[in-house]
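Numbers restart at 1 for each chain; the letters A, B, ... are given by sequence-line order, proteins then strands.
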Amino acid sequence: MEGTRPVTAVLAQPERDTEGTPRVRLAAEQVRLAYGENVVVDSLDLDLVDGSFTAIVGPNGCGKSTLLRALGRLLRPTSGQVVLDGRPIATTPTRDVARVLGLLPQTPIAPEGLTVADLVARGRHPHQSWLRQWSRDDEAVVAEALSWTDMLDLADRPVDALSGGQRQRAWISMALAQGTDLLLLDEPTTYLDLSHQIDVLELVARLHAERGRTVAVVLHDLNLAARYAQRLVAMKDGVLVASGTPAEVLTEQLLDEVFDLEARVITDPVSGTPMVVPVRRLR
Amino acid sequence: MTAGGSITTRSTPQHVDKRRTVRIGPLSGVVRTRQLLLPVVALVALVLISAVSIGRGDYPIGLLDVLRTLVGAGDQTQQFVITELRAPRIVVGALVGLALGLSGALIQTFARNPLASPDTLGINAGASAAAVAVIVLGGGSSAAAGLLGGLGLQVAALIGALLTAFLIFALAWNEGVDGYRLVLVGIGLGAVGYAVVDWLLTRSDITDAAAATVWLTGSLNARTWDQAWPLALALLVLVPVALGLSRVLGVLQFGADTARALGIRVGRAQATVVLVAVCLAAAAVAAAGPVQFVALVVPQVAVRLAGGSRPPLLASALLGALLVVGADLLARTVLPVVLPVGIVTAVIGAPYLLWLLVRGRRSTT
């Protein structure tokens with residue numbers, strides 16, 4: 001009987017490879033991404049390994065959100081493929097994908113009048129059926145997700161009555177309730193003030209550190225990306241320009257090349273990660 | 001908002017909110033009192049109003065006699081008047097309202113737009129164009145053509161509605177259907193349909209034009225079991241399918257991206273929802289003409305009465321039936337002239353929605 005399964009088993013850390021090199025969970029293989037005739041990304045390769053925290057950065061229109069959409073099977077590549085756990089994502093039943101891979105679109109919209117609890121409960125959809133709409137597991141996982149994101153007190157509030165920061169917490173709570181090992185977030189800090197940006201990224205970092213989630217996030221703010229992610233991926237004009245630790249990627253030369261920006265890179269006095277101080281725009 | 005705060009020790013809560021849960025063996029679900037109560041209340045009201053409506057007419061029958069006859073214990077005259085003359089009208093009215101309420105609830109949830117309904121999507125316009133074409137161009141110039149063409153008219157309206165729906169879908173499809181695009185395409189096609197209607201009316205003689213105008217407002221006059229049976233059979237298939245879509249709709253209303261992320265096959269789900277909604281509307285319009293406002297107003301009324309984030313399907317269906325049967329009763333009895341039911345649904349429905357909107361705004365600000 002499933003009701004007796006402890007919550008911790010549902011939300012526990014995914015098993016790691018004991019072999020040493022962590023296995024690749026999600027990979028783009030030679031993907032070409034286009035909207036109609038307009039090719040945004042061409043023959044791009046990217047691996048997301050188990051337990052990693054990757055931030056994808058780049059100037060506006062560089063194709064980073066498009067790439068994330070393709071990784072989350074919201075956009076089908078015109079050539080190449082996305083592979084999830086060794087299996088082409090395009091031929092994997094979408095419901096099976098939804099149990100392993102969660103995705104938070106940029107500025108998602110909640111229907112008017114929907115409560116926080118209902119929103120987070122919707123995250124259980126891939127685990128439910130017509131007959132089994134609200135099992136003990138569902139309830140326990142949703143309660144845990146709400147509590148973990150500090151949203152339990154707001155559970156009965158309509159999502160549209162929340163502040164921007166609370167709303168983003170509610171959505172992250174929903175992604176948590178979905179119970180997936182992998183989580184893709186598309187600019188989760190958009191429209192938030194700095195303290196709520198930190199709040200959201202702390203939450204995501206905890207998902208990675210405490211829950212062992214493999215996280216990939218598209219971010220605009222380079223300093224925050226460098227502070228929270230273990231690995232930065234820089235893109236320009238649909239091409240992957242650099243990939244590595246924040247210190248390896250965030251160099252003055254790369255900022256010139258990718259962002260047309262003259263800048264100094266100093267050490268963040270708080271986190272010790274690289275910090276960009278812009279001087280002026282080049283070209 | 002509470003900050004990150006104490007991360008380390010938190011007890012695991014067992015209940016999410018005040019929702020009541022039902023679990024029987026492998027079945028589980030959430031019970032929401034208001035959403036459960038509303039259909040029950042609507043059903044009881046529907047039965048009562050139907051019984052009252054059946055009793056009213058040139059040969060009045062008391063409420064008790066009506067109920068007695070319906071269970072098969074009335075005298076022969078009453079039996080004849082009720083089952084042959086009056087019941088078909090009420091049954092068609094109830095079924096039309098049911099179909100329209102459900103269709104509106106499906107379309108509004110899917111399009112995430114309270115203005116979307118078979119009225120605004122041009123489905124009624126397509127049905128009207130086809131039906132008026134049959135009245136005006138199809139043989140005979142007398143009003144009898146309308147009666148003779150009874151079934152022919154129904155079939156024409158059905159074909160017109162389905163054809164329009166197919167066109168809307170073909171034009172709005174772009175790797176899935178965007179609700180906004182669907183509404184825009186529907187409005188465009190609706191304009192074309194009503195232009196055809198106007199053109200036909202200007203070319204018709206006065207009796208045809210009169211018959212066409214009555215059909216165009218939506219009427220339950222002279223409805224027999226011939227209209228009731230096909231509609232009932234259609235609903236027997238469509239209603240269970242529609243109710244079964246409830247869970248998918250709950251996810252579809254987040255929009256395509258989030259729905260796909262939650263493991264829904266969005267294109268297929270959208271196509272199913274729109275197809276079922278369109279067939280419901282087409283069946284209704286074929287039986288009674290385009291009864292305006294029911295599909296538009298009823299789901300919005302239902303969601304405000306039941307609470308929640310989207311129109312409840314079953315309650316919308318039953319409230320739709322209640323509105324049409326109630327409007328027909330008013331049209332036949334209270335008013336000095338017998339009006340087509342479509343006029344009354346618009347006159348009752350629209351102000352009630354406005355009232356709910358005004359009240360809703362006050363309560364939230």
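For the 3.5 Å distance criterion, the side chains of A:Asp199 and A:His196 fail to qualify, holding no donor opposite an acceptor. Side-chain contact, A:Asp186 with A:Ser65: a donor N or O sits under 3.5 Å from an acceptor N or O. A side-chain donor from one of A:Asp138 and A:Gln128 sits under 3.5 Å from a side-chain acceptor of the other.
By the salt bridge (charged side-chain N to carboxylate O under 4.0 Å, His left out) test, B:Arg32 pairs with A:Asp118, sequence neighbours left out.
Note on A:Leu103, A:Asp160, A:Val97, A:Leu74: by heavy-atom pairs under 4.5 Å with chain B, the leading option is A:Leu74. When the candidates A:Arg76, A:Arg99, A:Arg69, A:Met174 are compared by the number of heavy-atom contacts under 4.5 Å with chain B, A:Arg69 comes out ahead.
Judged by the 6.0 Å distance and 45° axis criteria, A:Arg206 is positioned over the aromatic ring of A:Trp148.
For a residue to count as touching a neighbouring chain, one of its non-hydrogen atoms must lie under 4.5 Å from one of that chain's; by this rule A:Ala175 does not touch chain B. Contacts between A:Glu202 and chain B at a heavy-atom distance below 4.5 Å are absent for every atom of the residue. A:Leu162 does not touch chain B: none of its heavy atoms, backbone or side chain, sits under 4.5 Å away. Only the side chain of A:Pro105 comes within contact range of chain B, with heavy atoms under 4.5 Å apart. Using a 4.5 Å cut-off between heavy atoms, B:Arg247 contacts chain A through both its backbone and its side chain. Contact of A:Ser129 with chain B is made through the backbone alone, with heavy-atom distances under 4.5 Å.
Remark: the backbone N or O of A:Thr189 is not paired with any side-chain donor or acceptor of A:Gln168 at under 3.5 angstrom. Between the B:Gln108 side chain and the B:Pro114 main chain, a donor and an acceptor come within less than 3.5 Å of each other. A distance-only check finds a donor-acceptor pair linking the side chain of B:Ser103 to the backbone of B:Ala277 [under 3.5 Å]. With hydrogens and angles ignored, the 3.5 Å screen pairs a side-chain donor or acceptor of A:Thr92 with a backbone N or O of A:Pro88. The backbone N or O of B:Ala105 lies less than 3.5 Å from a partner atom in the side chain of B:Thr109, making a donor-acceptor pair.
Of all residues spanning residues 251-267 of chain B, those with a heavy atom less than 4.5 Å away from chain A's heavy atoms are B:Val251, B:Gln253, B:Phe254, B:Asp257, B:Thr258, B:Arg260, B:Ala261, B:Leu262, B:Gly263, B:Ile264, B:Arg265, arranged by number.
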